Amino acid sequence: MRIVFMGTPEYGVPSLKAILSAGHEVIGVFTQPDKPKGRGNKVEFSPVKQCAVEHGIPVFQPKRIRVDGVEDLRALAPDLCVTAAFGQILSEEVLGIPRFGTVNVHASLLPKYRGSSPINWCIMQGEKVTGVTTMMTDKGIDTGDILMSRAVDILPEETAGELTVRMADVGAELLAETLAKLEKGTCPRVPQDHTQMSYFPMLKKELGALNWQKSAEALANCVRGLSPWPGAYFTLQGEIIKVWSVAAVAGDADKTPGTVLCAGPKEGFVVQCAEGTLCIKEIQAPGGKRMDARDYLRGHPLTTKELESAGNING
RNA sequence: CGCGGGGUAGAGCAGUUUGGUAGCUCGUCGGGCUCAUAACCCGGAGGUCGAGGGUUCAAGUCCCUCCCCCGCAA
């Protein structure tokens, strides 16, 4: 088939490669425009664009595909469009261009976890299992008919970043199978059970503020689910401390949530939560690099006063 | 040339403003004390202060160049 692929971050790359190695003709790749990125504001290609360039595939980078990408897409006259974390919403006009429609590789078991960051939200909600779903895109957000899906276990300590890498591969496999079945005309297609749906919004920085009024368990999920981006954090002595890894410990110390129970190179860094206590393992101070919380405390000792007053440490 | 923080002992930091023989916490090694310890006491090793050049009687500290790390914004 003549396929147009749309995707942007790392997550989409395995899917693009899967389409290619399945022998399909990828006649164009749409990806987000190049933007100055990172330190020094250097312009960098998106991972998907990089892959496309390596394979000599024409790249299109409209600011808004439904406005200034329509003509390019129409000119390509694709049989099918495939999207995987493209980052733009397709209009009905765009969806109407490919003969056989548009297939999306979504990183959740639909109709649960619709939205742009399903992997993060699954972990934050404490899910043990998630999955990938291939679906026909329609005008709603992740509301189209389901083609195929495959479950993926969420490992106990797994971060969103790590899980994303695995999901991208599973998604690529599932996509290959879906395309094969579509070609043969044997692909299942069932509408979503909209009564079972859930939708989660885009990630915001503020989501990472650790709220000690929650349980240690919930906070641990939050840290995992927001790693590596946007990251969880709390403030200490006026500085934002990014939290990379923690461990929820059962048992209460009968203190106000937010109280630092201990903080030292030997004792470790433990904070009282609404339920249970949270051992803070890896942190990162402004301008510094990621390090063991105990290493940080060697150079930044907390006074007894700070140790005993709740509220000195908060989101 | 987007904004900013930083590179000092194995680890984390102070010291740089007001140049003058390098310090703290921890680890490590040796010894001691204790039923015991994330405990305590005594002693020791370990640093070309990111690199190069300059100013000076004297540079971690002042000036110039370069390399590397990190955060924000996007």
Side-chain angles (χ1 to χ4, degrees), chain A residues 7-12 30-50 59 61-65 68 85-89 116-117 120 159-161 164 201-210 216 222-223 226-255 259-272 276-308 312-315:
Chain A
T8 302
E10 205 59 55
Y11 172 80
F30 281 67
T31 191
Q32 295 276 34
D34 300 332
K35 286 178 211 154
K37 226 185 150 184
R39 218 169 287 137
N41 268 351
K42 287 174 207 126
V43 175
E44 249 177 54
F45 290 0
S46 73
V48 164
K49 175 171 175 178
Q50 224 157 333
V59 175
Q61 300 178 274
K63 212 170 191 141
R64 313 194 74 192
I65 187 169
D68 52 351
F86 176 39
Q88 295 189 27
I89 294 173
S116 58
S117 313
N120 304 274
T159 64
T164 299
M202 265 202 291
L203 299 179
K204 278 181 303 195
K205 264 230 150 135
E206 303 78 68
L207 271 174
L210 294 178
C222 179
V223 170
L226 295 177
S227 169
W229 193 90
Y233 62 90
F234 59 80
T235 58
L236 180 64
Q237 297 165 324
E239 293 199 310
I240 292 182
I241 307 291
K242 203 165 171 180
V243 180
W244 284 101
S245 75
V246 298
V249 182
D252 291 291
D254 196 28
K255 298 269 190 179
T259 304
V260 178
L261 300 175
C262 64
K266 296 180 183 174
E267 309 90 311
F269 195 175
V270 182
V271 181
Q272 176 66 254
T277 62
L278 198 66
C279 173
I280 297 171
K281 287 156 67 181
E282 267 189 305
I283 60 180
Q284 183 168 14
K289 52 178 71 171
R290 175 177 178 167
M291 68 179 77
D292 191 294
R294 283 169 297 192
D295 287 338
Y296 175 81
L297 291 168
R298 285 194 185 98
H300 304 83
L302 297 184
T303 65
T304 311
K305 188 179 165 194
E306 284 154 351
L307 272 173
E308 288 178 345
N312 263 324
I313 173 173
N314 47 57

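Just the heavy atoms: all of them, side chains too, but no hydrogens, waters or symmetry mates, feed the values below. Just so you know, these numbers come straight off a predicted model, no measurement behind them.
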Self-check item: Gap in Å between the two C1' atoms, one belonging to B/G54 and one to B/C41, rounded
Solution: 50 Å
Exercise. Using atom CG of A/N41 as one end and atom C1' of B/C72 as the other, report the distance to the nearest whole Å.
Key: 11 Å
Quiz prompt | Distance, rounded to the nearest Å, where A/D292 contributes CG and B/G27 contributes P | solution = 13 Å
Quiz item: Which residues pass the side chain to side chain contact (heavy atoms under 4.5 Å, CB included) test with A/P62, sequence neighbours left out?
Solution: A/F30, A/F60, A/I65, A/D68
Practice problem: Quick one: look up who B/U28 pairs with, Watson-Crick or G-U, both distances under 3.5 Å, and put none if it's unpaired. | Solution: B/G44
Practice problem: Have a look at A/G264 and say if it touches a base, only the backbone sugar-phosphate, or nothing, with a 4.0 Å heavy-atom cut-off. | Solution: nothing
Self-check item: Closest nucleotide among B/A11, B/A74, B/C13 to the A/K37 side chain
Solution: B/A74
Quiz item: Expressed in angstrom and rounded to an integer, what is the separation of A/L302 atom CG from B/C24 atom C1'?
Solution: 16 Å
Self-check item: For A/T31, side chain to side chain contact (heavy atoms under 4.5 Å, CB included) partners two or more places apart
Solution: A/T8, A/S46, A/V48, A/K49, A/V59, A/Q61
Quiz item: Looking at residues at least two apart in the chain, or sitting in another chain, which of them share a side-chain hydrogen bond (donor to acceptor under 3.5 Å, both in side chains) with A/S117?
Solution: none
Self-check item: Distance between P atoms of B/G43 and B/C24 (Å, rounded)
Solution: 13 Å
Polar-atom pairs under 3.5 Å, protein N or O versus N or O of nucleotides 33-42 of chain B: list them with distances, or write none.
{"from": "B/A39", "atom 1": "OP1", "to": "A/K266", "atom 2": "NZ", "distance (Å)": "2.6"}

Quiz item: So do the side chains of A/K281 and A/V246 get within less than 4.5 Å of each other, counting heavy atoms only?
Solution: no
Quiz item: Roughly how far apart, to the nearest Å, are B/U25 and B/U8 at atom C1'?
Solution: 15 Å
Quiz item: CE of A/M291 versus P of B/G10: gap in Å, rounded?
Solution: 16 Å
Might you list the N or O atoms of the protein lying below 3.5 Å from N or O atoms in nucleotides 68-71 of chain B, with each pair's distance?
{"from": "B/C69", "atom 1": "O2'", "to": "A/K289", "atom 2": "NZ", "distance (Å)": "3.4"}
{"from": "B/C70", "atom 1": "O3'", "to": "A/Q284", "atom 2": "NE2", "distance (Å)": "3.1"}
{"from": "B/C70", "atom 1": "O2'", "to": "A/G288", "atom 2": "O", "distance (Å)": "2.6"}
{"from": "B/C70", "atom 1": "N4", "to": "A/R39", "atom 2": "NE", "distance (Å)": "3.2"}
{"from": "B/G71", "atom 1": "OP2", "to": "A/R39", "atom 2": "NH2", "distance (Å)": "3.3"}
{"from": "B/G71", "atom 1": "N7", "to": "A/R39", "atom 2": "NE", "distance (Å)": "3.4"}

Exercise. Sequence neighbours left out, what pairs pass side chain to side chain donor-acceptor pair (under 3.5 Å) with at least one residue falling in residues 287-298 of chain A?
Key: A/E282-A/R290, A/D292-A/R294, A/D295-A/R298
Quiz item: Distance between the C1' atoms of B/C72 and B/A14, in whole angstroms?
Solution: 26 Å
Quiz item: Which value, in whole Å, describes the distance between the C1' atoms of nucleotides B/U48 and B/C1?
Solution: 34 Å
Quiz item: Taking only residues two or more places apart in sequence, or in another chain, which ones meet A/L207 in a side chain to side chain contact (heavy atoms under 4.5 Å, CB included)?
Solution: A/W121, A/L203, A/L226
Exercise. Quote, to the nearest angstrom, the C1' distance that separates B/G52 from B/C70.
Key: 24 Å
Indicate every side-chain donor-acceptor pair of residues 264-271 of chain A with a distance under 3.5 Å to a residue at least two apart or in another chain.
none

Quiz prompt | Base B/G12 to side chain A/D295, donor-acceptor N/O within 3.5 Å cut-off | solution = no
Exercise. Just name whichever nucleotide pairs with B/C49, Watson-Crick or G-U, keeping both distances under 3.5 Å, else none.
Key: none
Self-check item: Between OH on residue A/Y11 and OG1 on residue A/T164, distance to nearest 0.5 Å
Solution: 8.5 Å
Quiz item: Distance between the P atoms of B/A36 and B/A45, in whole angstroms?
Solution: 30 Å
Quiz prompt | Between B/A74 (P) and A/E44 (CD): distance, integer Å | solution = 17 Å
Quiz item: Nearest to the side chain of A/R298, which nucleotide is it out of B/C26, B/C13, B/G2?
Solution: B/C26
Quiz item: If you measure from the C1' atom in B/C66 to the same atom in B/G7, how many Å do you get, rounded?
Solution: 14 Å
